[in-house]
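Have a look at the structure below, then the notes.
These values consider heavy atoms only, across backbone and side chains, with no hydrogens, waters or symmetry-generated copies.
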Amino acid sequence: VRDTSIFKSVLANIIVPDFQPKQGIKIQVTENENIQQSSGQDNLDTLIAKIPSSSLFPGFKMVPADFEKDDDSNFHIDFITATSNLRATNYGILTADRLKTKFIAGRIIPAIATTTALVTGLVGLELYKIFDNRTVIEDYKNGFVNLALPFFGFSEPIAAPKLKYHDKEFTLWDRFEVNSDVTLQQLINIFKTEHKLEITMLSSGVSMLYSSFIAQKPAKLQLPISKLVESISKKPILAHVNYLVLEMCVNDETGEDVEVPYCRIYIR
């Protein structure tokens, strides 16, 4: 359809409602502000409810549209030109005409077939080493590639720095794992008995969950970690979240502050 009169007649009947800001929205200004915001689940449920039943479209079959820049009858380039120029106008970027848009879109395929293919191949080579259970770090390689120069450079990766508490070494890849949604008191006991560490401070994101130098209410100590996080952050834990990451400050048996990995608690 290239008859502009058809587009004009359709556009003439479209009513664009005036913009009305949402009411009751609070914007978080500082990290310490706890503002209850909707997770968006209600809007998602509303949209899902509006999807027509498949029984209303008997025999309908959706067919994916393959991008083809040289077929002017499919309006692919026209659509890309229109939408990209709308975005460019919004952000003060130079717009492009249809011919330039077609030229840019046409260069995507060779880009995918060169740099992306090369990077994928290099990653694949490193995966072979992992599957071969290589434990010597010098067997692995970092790759630096610039096809425009061209430049191909490889270097040996640097091992993660090792830290230590008691007689145990750890790196940034290590963590404590707790496989159930224990209470705050149980978590404190686990670290005291199993790891010989005293938790002095516990946080989740920007929320302070526990401080040993502040008197704690008995009821708080008996809350599961998930409920404690929701109570203090004033935000629900989303349904897809299976674990929580907790940062902690701890003391060893001599009362000295020591650095330890973070703690991952599985809540589902």
Side-chain angles (χ1 to χ4, degrees), residues 16-54 56 62 87 90-91 160 163 165 170-195 197-251 257-268:
V16 180
D18 293 335
F19 172 72
Q20 295 291 338
K22 292 182 178 179
Q23 301 297 320
I25 299 297
K26 295 182 180 180
I27 299 175
Q28 184 176 13
V29 179
T30 65
E31 289 187 350
N32 295 327
E33 285 185 288
N34 293 320
I35 297 176
Q36 184 74 24
Q37 295 285 16
S38 171
S39 63
Q41 186 64 40
D42 293 340
N43 293 336
L44 180 60
D45 293 338
T46 302
L47 290 174
I48 293 175
K50 290 182 178 179
I51 297 176
S53 172
S54 58
L56 299 177
M62 185 176 292
R87 181 180 183 276
N90 285 340
Y91 292 96
L163 301 172
Y165 69 92
F170 69 94
T171 70
L172 57 83
W173 299 107
D174 296 307
R175 58 188 174 270
F176 294 109
E177 289 196 341
V178 179
N179 294 319
S180 62
D181 191 8
V182 296
T183 65
L184 176 57
Q185 184 63 64
Q186 288 173 328
L187 183 66
I188 294 172
N189 294 342
I190 288 172
F191 274 85
K192 192 170 185 178
T193 57
E194 296 184 11
H195 305 291
L197 296 170
E198 178 190 2
I199 298 177
T200 58
M201 194 174 298
L202 190 67
S203 63
S204 174
V206 298
S207 300
M208 181 65 67
L209 306 180
Y210 169 79
S211 293
S212 61
F213 49 83
I214 298 177
Q216 305 293 325
K217 295 180 179 180
K220 178 180 177 181
L221 293 171
Q222 300 308 315
L223 279 177
I225 294 298
S226 61
K227 299 299 182 184
L228 182 61
V229 170
E230 289 182 329
S231 173
I232 294 178
S233 68
K234 308 299 182 185
K235 297 178 182 178
I237 297 175
L238 301 181
H240 69 273
V241 176
N242 295 321
Y243 62 83
L244 297 172
V245 173
L246 306 181
E247 299 289 345
M248 61 183 68
C249 296
V250 300
N251 289 341
D257 181 45
V258 292
E259 191 169 351
V260 294
Y262 66 85
C263 179
R264 176 187 286 182
I265 295 186
Y266 289 89
I267 60 174
R268 296 187 176 92

Sorted by chain and residue number, the ring pair (Phe, Tyr, Trp, His ring centres under 6.0 Å) partners of Tyr243 (sequence neighbours excluded) come out as Tyr266
Are the side chains of Leu197 and Asn251 in touch, meaning some heavy atoms are under 4.5 Å apart? no
Distance-only donor-acceptor pairs under 3.5 Å for side chains of residues 223-232, two or more places apart:
unit_1, atom_1, unit_2, atom_2, d
Ser226, OG, Asp181, OD2, 2.4
Glu230, OE2, Ile237, N, 2.9

Drop me the distance from Arg175's CZ to Tyr262's OH, to the nearest 0.5 angstrom. 4.5 Å
Would you say the side chain of Leu187 lies within less than 4.5 Å of the side chain of Val178, judging by non-hydrogen atoms? yes
To the nearest 0.5 Å, what is the distance between CG on Asp257 and CE on Met201? 9.5 Å
I need the Ser211 OG to Gln216 CD distance, nearest 0.5 Å. 7.0 Å
Could you check whether any side-chain heavy atom of Arg268 comes within less than 4.5 Å of a side-chain heavy atom of Val241, counting everything from C-beta outward? yes
Quick one, Leu163 and Thr171 - any side-chain contact, counting heavy atoms below 4.5 Å? no
On a heavy-atom basis, which atom in Ile265 and which in Ser180 lie closest, and how many Å separate them? CG2-O, 3.5 Å
Counterpart residues, side-chain hydrogen bond (donor to acceptor under 3.5 Å, both in side chains), relative to Thr193 (two or more places apart): none
Applying ring pair (Phe, Tyr, Trp, His ring centres under 6.0 Å), can you list everything that pairs with Phe191, at least two apart in sequence or on another chain? Phe176, His195
Rounded to the nearest 0.5 Å, how far apart are CD of Gln222 and NZ of Lys217? 14.5 Å
Can you find a heavy atom in the side chain of Tyr210 that is under 4.5 Å from one in the side chain of Leu184? yes
Between Leu221 and Thr183, is any pair of side-chain heavy atoms under 4.5 Å apart? no
Does any N or O in the side chain of Thr200 come within less than 3.5 Å of the main-chain N or O of Cys249, such that one atom is a donor and the other an acceptor? yes
Partners passing salt bridge (charged side-chain N to carboxylate O under 4.0 Å, His left out) against Glu198 (at least two apart in sequence or in another chain): none
Heavy atoms of Leu202 and Met248 approach each other most closely as CD1-CB, 3.9 Å
Mind checking salt bridge (charged side-chain N to carboxylate O under 4.0 Å, His left out) for Arg264 and listing every partner two or more places apart, or none if nothing turns up? Glu177
